[in-house]
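Reckoned from all heavy atoms, side chains included, excluding hydrogens, waters and symmetry mates. Along the sequence shown, residues carry numbers from 1.
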Amino acid sequence: MSLHVPEFFAELRLPFPSGTTVGSTYYATPIAGAPLRLQIGFTDTQYRNAYGGLRLTVIHIDRGTIDAVALSFAEHGTFRRRQGTLHQRNMPGTFNITLARPGQPSWEGADFTGLHDAIEQYTAVWFPGAWTASAPNRAAAKTAHQIPAPPPALPVAGRTR
């Protein structure tokens with residue numbers, strides 16, 4: 001049984017070069033030299049080995065915890081497409097590591113888009129500029145992919161005299 005924590009956080013595409021996982025928790029210093037750190041861990045449910053979201057904590061190196069927020073998988077559509085197991089039908093928006101297929105993460109098939117966007121919004125408050133300094137502008141990337149390329153130029157028949 002494994003959470004596949006490094007792979008989970010890699011799927012979130014967090015742009016912090018200092019980010020690392022220790023056990024089941026992700027740690028980062030989003031702004032180099034700043035006294036604030038980011039900690040992201042899984043939130044438990046009432047069932048053993050089942051997780052319902054992420055808890056983001058902003059920690060000051062001298063003052064301790066500054067702020068924290070829980071982001072549920074259900075509210076961010078992370079497992080909207082997964083309805084197959086009895087666990088998913090009884091507890092939608094969660095995953096249970098004991099129900100994973102052998103060699104596969106229990107969160108297989110998750111859609112990380114909503115969760116990624118919520119993490120970006122929250123961390124932008126505490127770590128302004130960290131996303132733009134560390135990663136390409138997602139809005140520009142989305143726009144670039146949405147605008148179709150112009151059709152190739154057709155040869156123009158020229159006039160001859």
Side-chain angles (χ1 to χ4, degrees), residues 1-32 34-139 141-142:
M1 283 189 295
S2 175
L3 274 172
H4 296 269
V5 175
E7 295 90 345
F8 183 93
F9 289 110
E11 289 287 335
L12 280 171
R13 298 177 335 273
L14 301 175
F16 312 123
S18 67
T20 189
T21 57
V22 178
S24 62
T25 306
Y26 175 86
Y27 297 92
T29 304
I31 299 175
L36 296 180
R37 306 292 185 260
L38 175 65
Q39 175 183 335
I40 305 175
F42 293 92
T43 59
D44 293 325
T45 66
Q46 63 186 4
Y47 298 101
R48 185 174 178 198
N49 296 318
Y51 302 93
L54 297 177
R55 179 176 176 81
L56 283 65
T57 306
V58 176
I59 302 168
H60 188 281
I61 58 175
D62 295 325
R63 298 183 187 128
T65 298
I66 301 293
D67 192 58
V69 65
L71 303 175
S72 78
F73 296 138
E75 289 177 1
H76 295 93
T78 309
F79 298 110
R80 187 173 296 142
R81 295 179 299 173
R82 281 184 34 183
Q83 299 294 321
T85 67
L86 177 62
H87 173 78
Q88 282 296 323
R89 288 189 299 272
N90 292 336
M91 292 182 58
T94 66
F95 72 88
N96 186 315
I97 62 173
T98 60
L99 301 175
R101 296 185 307 169
Q104 297 297 316
S106 49
W107 42 265
E108 180 183 24
D111 178 358
F112 290 98
T113 306
L115 202 54
H116 173 92
D117 292 346
I119 293 170
E120 183 176 3
Q121 284 181 320
Y122 178 78
T123 56
V125 171
W126 293 102
F127 308 101
W131 285 78
T132 54
S134 302
N137 184 334
R138 285 177 13 108
K142 284 181 184 177

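- The two residues Pro30 and Ala130 have their closest heavy-atom pair at O-CB, 3.7 Å.
- The OG1 atom of Thr65 lies 7.5 Å from the CD atom of Gln39; values are rounded to the nearest 0.5 Å.
- Nearest heavy atom pair, residue Ala68 against residue Arg55, reads CB-NH2, 3.3 Å.
- Under a 3.5 Å cut-off, the side chain of Thr43 and the backbone N or O of Gly53 do form a donor-acceptor pair.
- Taking CZ of Phe127 as the reference point, atom CD of Glu120 lies at 14.0 Å (rounded to 0.5 Å).
- No donor-acceptor pair under 3.5 Å is formed between the side chain of Arg48 and the backbone N or O of Thr45.
- Here the straight-line distance linking atom OH of Tyr26 with atom OG1 of Thr20 works out to 8.5 Å at 0.5 Å rounding.
- Classified by interplanar angle (parallel below 30°, tilted 30° to 60°, perpendicular above 60°), the ring pair His116/Trp131 is perpendicular.
- Residues Leu115 and Phe73 form a side-chain contact, since some pair of their non-hydrogen atoms from C-beta on lies under 4.5 Å apart.
- Contact check for Phe8 versus Leu54: side-chain heavy atoms found under the 4.5 Å cut-off.
- For the atom pair Leu12 CG and Ile40 CD1, the distance stands at 7.0 Å (nearest 0.5 Å).
- Here the closest heavy-atom approach between residue Ile66 and residue Arg63 is recorded as CD1-CB, 4.4 Å.
- The minimum heavy-atom distance linking Phe9 with Ser24 is given by the pair CE1-O, 4.5 Å.
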- Item | CA sep, side-chain torsions, deciding dist, call: Trp126, Leu38, side-chain contact (heavy atoms from CB on, under 4.5 Å) | CA-CA 9 Å; Trp126 293 102; Leu38 175 65; over 6 Å; no
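- Across Glu11 and Phe112, no two heavy atoms sit closer than the pair CB-CE1, 3.4 Å.
- Looking at Leu36 and Ile31, their side chains never come closer than 4.5 Å, going by heavy atoms from C-beta outward.
- Here the closest non-hydrogen pair linking Thr29 and Ala34 is CG2-O, 4.3 Å.
- Side-chain contact between Tyr122 and Asp67: present, with at least one pair of heavy atoms (C-beta onward) separated by less than 4.5 Å.
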